[in-house]
Each structure stands twice: as C-alpha cells, then as structure tokens.
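Have a look at the structure below before the remarks.
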Amino acid sequence: MANTKNTKNVAMHWFRKGLRLQDNPALLHALETAKKSDEGRLYPVYVMDGDCYQLKHCSALKANFLVECLIDLDKSLKDVGSRLYVVSGDPTKELPALWEDWDVTHLTFEADETGEPYAKARDESVMNLCEEKGIEVESFCSETIFPLGDYVKKSGGLAKVPATMGKFQGIFGKMGKVPKPLNAPTKEDFKPIIDKEQAKETKGKMLPPKRATDLPWPRDTPKADATPIWGPKDCKNLTPITRGGESKAQESLSKSMAKAAWVAGFEKPKTSCTSLAPSTTSISPYMSVGCLSPRTVWHAISNAVAQAPASAPKSKPPVSLHGQMLWRDFNNLIAHSANQDNPGSWGKMEGNKYCREVPWSENERFLTAWKNGETGYPWIDACMKQLETEGWIHHLGRHAVACFLTRGDLWQSWEGGALHFEGQLLDADYALNGFNWLWLSCSGFFYQYFRCYSPVAFQKKNDPHGHYIKKWVPALKNMPAKYIYEPWKAPASVQQTAGVKIGKDYPLPIVDHALESKENMNRMKEAYAAYKAGGSKAPSPTKKKTP
Ligand code: FAD
C-alpha cells in the first residue's frame, strides 16, 4: 500500500549486511521502484546501530573495518551519482524520522534469514512501522547461495533439514543451477532519479564518518589499556589482514582466483595454518558484511576451475573452495533451523536443539589467560595474538584454540569463546561462529571427543622452527627450535641465552595438557552418557581446581 500523499515513488534502500552494489537485488529493486515514477528518488541509508550483531561486541579493529566498508560504499555510490546516508542510533527511531523528512514510500532491505534475535526483533518493528505509515516494504535474500527458505522446502520441511554436511550436499545438488550474480547499477541506471535538490535536502544528515568517535561503539572497549583507533588513516599501524569495502573485496577475490590451478586443487585441510601470509582466500571478513555475495564467489571459483590446466588436480566438496561455500550455506541453514525451532536458541547451549549440554566449569583466570594469549602454550598464544592484532586466524588455528579452551585443556564453555571471537574476528558471523564452536567443543555435529589437538605436537611438524610463534610471541623470538613449542623445558642456560625467563617474561603452562586432556575426555564421556540416558539435561558443573 503506497503512501497516498505522494504521487512519486521515494524509495529507501536500508543497508545492513550486503554492503555492496554488485548482486544486490534489494538495492536494484529500490532503484527500479524509484524509476517507475517521474520524479522518483532513491536514498541509500546505513544506520550505525551499536546493538546490532556487527557492533555490539566490537574491537576497534573491527569497527574500523566497518567504517572502511561504508566509506568505500559511499564512494561507489558517488561514482554512479548517488551517495550513502549514514545516521547513528536505533533504526526504529532513525528510519521513521528520515521517512518523514523525505516522504519515503518504499523500503527495501536484505533479509536476515538466520533468525538472529536482535535482527529479527528490529526488522519486525521496522516492518510494523512501515505498515502504520503506509510504506511498502520488500526484503530479498542474497546472503546465501540460495535463500534458506528454499533449502527448507527442498528438504521437505523444517523437521527434515539435513544435520550433516553430506546430506546438505544432497539437498544442494537438487537446487538447480546457481544463479549468476546481478550486475552493479551504473551511472546510466541512476540517471533518471538524480536531481540537484537531493543534495540540499540532506544538509545536516550525517555522511560516512572519517573519524567515528561520535558513534555508539565500541560498547566494550577491547582492553583497558587499548586506545580505540578510528578511521582508516589511524589504523595504518595495525596492519590488518584486509581493508574494508567492496572494491577491496573484489581485488582480494580476483587475486585468489587468478591462481586457477590453486583454486581447482584447493583442499582446506592441506592449507597451512602457520604460514605468515594467509594460505586460504581470506575473503571471510568481506563475506561476513556482504561486500561480496556468495553467488559472486561461487561463479568466480567456477571460472577459475574452468581455466585451470586440464592436468591440474581437481578437488571436490567438502574440502574444495566450492565446498567452503557449501559449509557456509549449511551453517546458515542450521542456525535458521535452530531459531525456527526455539527462537534465539542458536549461539547458546541451553535450548539449542543441535547442542549437547556439557557441564563446563567457570574459571575467569583460565578464560582471561586464553583471551590474552597467556596460556604458556606458545602455539595457542600465537594464534590468540594474531586474532587480537589482525582480527583473523587460519581455520586450523581456530580449531586449536577452540579445542584448547573447551574439551581439550581448560574445560570452559564454548559460549565464552564464541563471544570473544564475535568481538575480535573481522569475519565474525552469527551462523558460522556458532556452528564451528559446537563442532570444536564436540557439543554438536562432531562427536569424536577422544581425538584431541595437542597444543605442542599439532604444529611441530608443519613449522618445526616456530616461525609463526616467533612472529606473534616476540618474547620467544630467540628460543631455539628444540624448545619453541615447550619453552618451560628449556634449561636455565638456554633461557638465559634466549633472553627470556619462563615464568617471568613468558608464562609457565596454565595446565598440564597430558593430564587435563585425559581427564576432560572422561568428563566428556560422562556428559555423553548423561545425554544418552536423559536427553540434553546437563549434569551439575564440574568443580575445577585452579592451579
Ligand atoms: P576459505 O577457506 O578461503 O573459504 C572461503 C569462504 O568459505 C570463507 O570466507 C567462508 O565464508 C566460507 N568458509 C570457510 N570455512 C568455513 C567453515 N568451516 N564453515 C563455514 N564456512 C566456511 N568463519 C567466519 O566467516 N566467521 C566466523 O565467525 C567464524 N568463526 C569460527 C569459529 C571457529 C571456532 C572455527 C573453528 C571456525 C570459524 N569460522 C568462521 C570458519 C573458518 O575458520 C573461516 O570461515 C575461514 O577460516 C575464513 O578464512 P578464508 O576466507 O580464507 O576461508
């Protein structure tokens, strides 16, 4: 039902995820709507909302990444004759004020299909407000290869949504061809709706920030002694692994895809997690805010594979690059399914149909040492330092630290680990983070708790000299290779020559891995037995001594 006061179509596209022009059906629909009437207009808008998933638990690095994405988006919109309008605050208050100012008749946005509780409540409120004000609202799904609802239908209903990757691959195989990504709108496309008045009207409305000190985040300052750093210029010294924005995302994707034989033969488990440069595509930060659409990535992979020499080895899902994109859709579908079953249960242990309850203990000292990279296990600490500095770690590094925190060594709940990742990872993603933490803690999808990563042996064979450790844990930079994974075993004379005193300049191991991992396997066995006997009720928490 269009606003009766207006004869012209005034469309607003509300960016949330999907921070891109390419393959953005909601933006294109808003543009087409605006063009349908003589004096139509389009307002692309982003609301800086400190309560949304991307910003609620947010390191300065991550906030910077988002600001960079918005600046880049604004630039791309300016190149086609438009611009991005950014306001700060609660979307249910800020959007209606803009609708009023601009006589908005139509609203489009990218749907959040996972059922993430804040996004769900926010979108329902905004849609109700639209109904009250007679604004036509339409949402679109392009954050997964196929809309999640279509996977559910193809599965035969919610109850039959596949819970294993193998079965998901079966459903995916029945979905038909992956649609080609939609082209980004051009200057020509925007021409009919650009008018000079538009610039005047927005006087006083905030535009993408150069510095973001007046914005509502970060809510949690990352560390007491850390100065929040805002704006791309100030971020220079942080050497983050990626710079934000669709144009950088396209560059990064093209760079990876140019290595056609590498793409064709990609096998995730064989990529190195100790290499100093990423050994995988490292597009995940872009995927998490939608600077790249999954259909764009899918077809880029297909093209690269087609260009690879016929003699080059070809990998297949689930380990291939196409396979990684399937994992992503599968994780999203599972989050959707959990939240449909019990709203808001995804990302939690209790009430989550995919999660076995385990009586984790609570030990603040353990959790803090893990977060700060001060466990005394150099490989674990190096990963946590990379996370803090770059907002990214290789998948197997994530495996190691997640296992160490939960069922491996410290017996702390995966929920605390997932929350820390949410704040620190540039690629933090509601569905993927939750899924992988369930997997690594053996709470869901993977149940071989008797297979445990050793924080010592795991990487020794891949990086015998510990180059990765020496980069991220400088206290150990002169430690000989023989002791780099177990520096507490180095004799005093070796420590002295290396210029480090273990226990003073670098911590002693927080627990004895050999003992704790064994004990934890027994605890896991008990938790599984309790689950089998009585459903998902957790036994009372383990009393864990603090050494
Ligand atoms: P590539 O191997 O190049 O894969 C390309 C893309 O495929 C990725 O960008 C990602 O979108 C998708 N993908 C890759 N691996 C996985 C996977 N295991 N599950 C689902 N999708 C995948 N990834 C996130 O994007 N956000 C998270 O919050 C996140 N949390 C994680 C938490 C834990 C404990 C673990 C073990 C893994 C987590 N991952 C998460 C999954 C994975 O580690 C990253 O997606 C991957 O390392 C990103 O690097 P890349 O872009 O080079 O991946």
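Just so you know, ligand 1 is whichever comes first in the structure, and atom 1 is the first atom listed for that ligand. As a basis for the values below, the full set of heavy atoms in this structure was taken, side chains included, without hydrogen atoms, waters or symmetry mates.
- By the 4.0 Å N-to-carboxylate-O rule, E116 lies too far from K120 to be salt-bridged with it.
- Annotation: salt bridge (Lys or Arg N to Asp or Glu O under 4.0 Å) contacts of D427 (sequence neighbours excluded): R398.
- With salt bridges taken as basic N to acidic carboxylate O contacts below 4.0 Å, none links D51 and K56.
- The local environment of NZ in K259 is crowded, with over 12 non-hydrogen atoms from other residues, nucleotides or ligands closer than 6.0 Å.
- Scanning for side-chain hydrogen bond (donor to acceptor under 3.5 Å, both in side chains) contacts around T114 gives D112, with sequence neighbours left out.
- Scored by the ring-ring contact (aromatic ring centres under 6.0 Å, His included) test, H399 finds H395, Y453 as partners (sequence neighbours excluded).
- The protein residues lying under 4.0 angstrom from ligand 1, judged by non-hydrogen atoms, are F266, K268, T280, T281, S282, I283, S284, M287, L321, Q324, M325, W327, R328, N331, W392, H395, R398, H399, A402, F421, L425, D427, A428, D429, L432, N433, N436, W437, L440.
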